There are 2 protein chains.
Amino acid sequence: MSPRERRAPRQARSRATVERIVAAGRAVLLERGWDGVTTNHVAAAAGVSPGSLYQYFPDKEAVLDEVVDRETVHLEARISRAFVDTLRAPSRGDVVRRNVEALLDAFGEQPAMTRVLADQMPRGAGSRRAAFARRVDELVAAVLAGQDTGQRRPDVMAWVMVRAVEQATIGWVLEDPPVDRADLVDELTLLVTRYLERRWDREVARSTASD
Amino acid sequence: MSPRERRAPRQARSRATVERIVAAGRAVLLERGWDGVTTNHVAAAAGVSPGSLYQYFPDKEAVLDEVVDRETVHLEARISRAFVDTLRAPSRGDVVRRNVEALLDAFGEQPAMTRVLADQMPRGAGSRRAAFARRVDELVAAVLAGQDTGQRRPDVMAWVMVRAVEQATIGWVLEDPPVDRADLVDELTLLVTRYLERRWDREVARSTASD
DNA sequence: TGCTGATGCGAGTACTTGCTCGCCTTCAAC
DNA sequence: GTTGAAGGCGAGCAAGTACTCGCATCAGCA
């Protein structure tokens, strides 16, 4: 509460120090997991003394926040780029399939980071995680809103789909389950495309009439 | 590694002590979260000294394991009971819907425990979590295997569905998102029933032919 | 060159953690 | 009632934690 702010790095030397601390934070995070991160370890890995670390970060959490923020910015950019690209592509046919593949690539290339972000990072932590999820929800909802979804609410559909697909892709990367990648892509594509179909069928009729 | 085993409680008195420790472990877990659990806290909450705790549990993890085991046994019984019940019910029409509702009930009644189990408990921890997921997968896969799924593999379908539905239901309980319960039930029912439809359509054709 | 604030250091503090160990109390079998 | 084992206690240890503070060093400028 009191002295939250720390000295901002002015000289090139100290800017480099900050970078080394963040990089070391990332490395320690991947190596030892969220709970294994220690300010002393980060400082040592950065080749810096604990005191120097606290010159630029008010506490341990601030270091982790910086690391996570950089990572999620990166990840979100990548995901939304893939999303927009497939929408713009000439053949609209397998938009879903290509997005599923893009997600699997994004998570699969850095399983360790995926594990930290999806598994170890506390949900409460500044709600950085919730904020990320919300941004993805909005991205998908915006696209759905531009299309004819009949009676169904685009935001609800987006929320459901994002959670379903996210969990399946992340789970596949982290659990290495008895499902090979091609099958997973097929099934998730099926799951989503059928879910998105617009038809007035038994299920919808019953649902709007129930209770 | 060396003295893993501890004294087994022989007298009624010590059996009661063990019970109090486990109950206190559960309470502390709900109150302070996974990382907030401390052997000293558990002992204090049980009205017992730390030394007594270590008479019956080799380490802190053993206490938490016992608490989690009891909880997952309970939860799994409840889920599979609901599952089997809906299958046996006269009207097979909304089996999916009623299972979704049962899941929402199960998780929703104890949000604190749901948070601990789904969110805070490390995935690595004795892979108790993975074991639980595997049992649920098998339950669902067994039912699907008894039905005609065409070309599609029941185990893969089960894996995908379990993750999708589980994450959506748990997420709804923990995130309290801008989706009301009735809508979520509708949409998840739609998601699953459509996914389960047996038809030979474009998606399947493309998927089996791809790569 | 000499000065001054920015930078860096790392031993040290204050605290928490999991867990032990010597000692005392209670119980049950004879 | 005696006795030996089961049960229980709780101060305290060893290890580790986040973080500080007094002091040394350095970069850039006059």
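It should be emphasised that the depicted structure is a prediction, and the values quoted were computed from it without experimental measurement.
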Student: Over how many whole Å does the gap from B:Arg6 atom CZ to C:dG18 atom P extend?
Tutor: 15 Å
Student: Check the distance between D:dG8's C1' and B:Leu53's CG and give it to me in whole angstrom.
Tutor: 12 Å
Student: Within this structure, what is the CD1-CZ distance for the pair A:Ile170 and A:Arg115, rounded to the nearest 0.5 Å?
Tutor: 11.0 Å
Student: Rounded to whole angstroms, how far apart are OH on B:Tyr54 and C1' on C:dC23?
Tutor: 20 Å
Student: For the pair B:Asp65 and B:Arg70, find out whether any cationic side-chain nitrogen is under 4.0 Å from an anionic carboxylate oxygen.
Tutor: no
Student: Could you give the distance from OG1 (A:Thr114) to CD (A:Glu109), rounded to the nearest 0.5 Å?
Tutor: 9.5 Å
Student: Find the distance B:Asp35:CG to D:dA18:P and express it as a whole number of Å.
Tutor: 13 Å
Student: With the sugar-phosphate defined as primed atoms, P, OP1 and OP2, and the base as all remaining atoms, what B/S/- string results for nucleotides 3-9 of chain C, 5' to 3', for protein heavy atoms under 4.0 Å?
Tutor: ---SBBB
Student: What is the distance from CG of B:Asp59 to C1' of C:dT20, rounded to the nearest Å?
Tutor: 14 Å
Student: Output the rounded distance in Å from CD1 (A:Ile21) to P (D:dA18).
Tutor: 14 Å
Student: May I ask you to say what B:Val37 touches in the nucleic acid, namely base, sugar-phosphate or nothing, with a heavy-atom cut-off under 4.0 Å?
Tutor: sugar-phosphate
Student: With distance as the sole criterion, do the side chain of B:Asn40 and the base of C:dC19 form a donor-acceptor contact below 3.5 Å?
Tutor: yes
Student: Does B:Thr39 place a side-chain N or O at less than 4.0 Å from the phosphate oxygens OP1/OP2 of C:dG18?
Tutor: yes
Student: Check whether NZ of the Lys or CZ of the Arg A:Arg152 lies under 6.0 Å from the centre of the six-membered ring of A:Tyr195 and within 45 degrees of that ring's axis.
Tutor: yes
Student: Expressed as a whole number of angstroms, how long is the span from A:His41:NE2 to D:dA18:C1'?
Tutor: 13 Å
Student: Would you list the pairs meeting salt bridge (Lys or Arg N to Asp or Glu O under 4.0 Å) in which at least one residue belongs to residues 154-176 of chain A, sequence neighbours left out?
Tutor: A:Asp137-A:Arg163, A:Arg153-A:Asp155, A:Arg163-B:Glu175, A:Glu175-B:Arg123, A:Glu175-B:Arg163
Student: How long is the span from the CG atom in B:Leu53 to the CZ atom in B:Arg20, to the nearest 0.5 Å?
Tutor: 11.5 Å
Student: Who passes side chain to side chain donor-acceptor pair (under 3.5 Å) against A:Gln55, sequence neighbours left out?
Tutor: A:Arg7
Student: Can you tell which of D:dT17, D:dT20, D:dA11 lies closest to the side chain of A:Thr38?
Tutor: D:dT17
Student: Atom NZ of A:Lys60 and atom C1' of D:dG16: how far apart are they, to the nearest Å?
Tutor: 12 Å
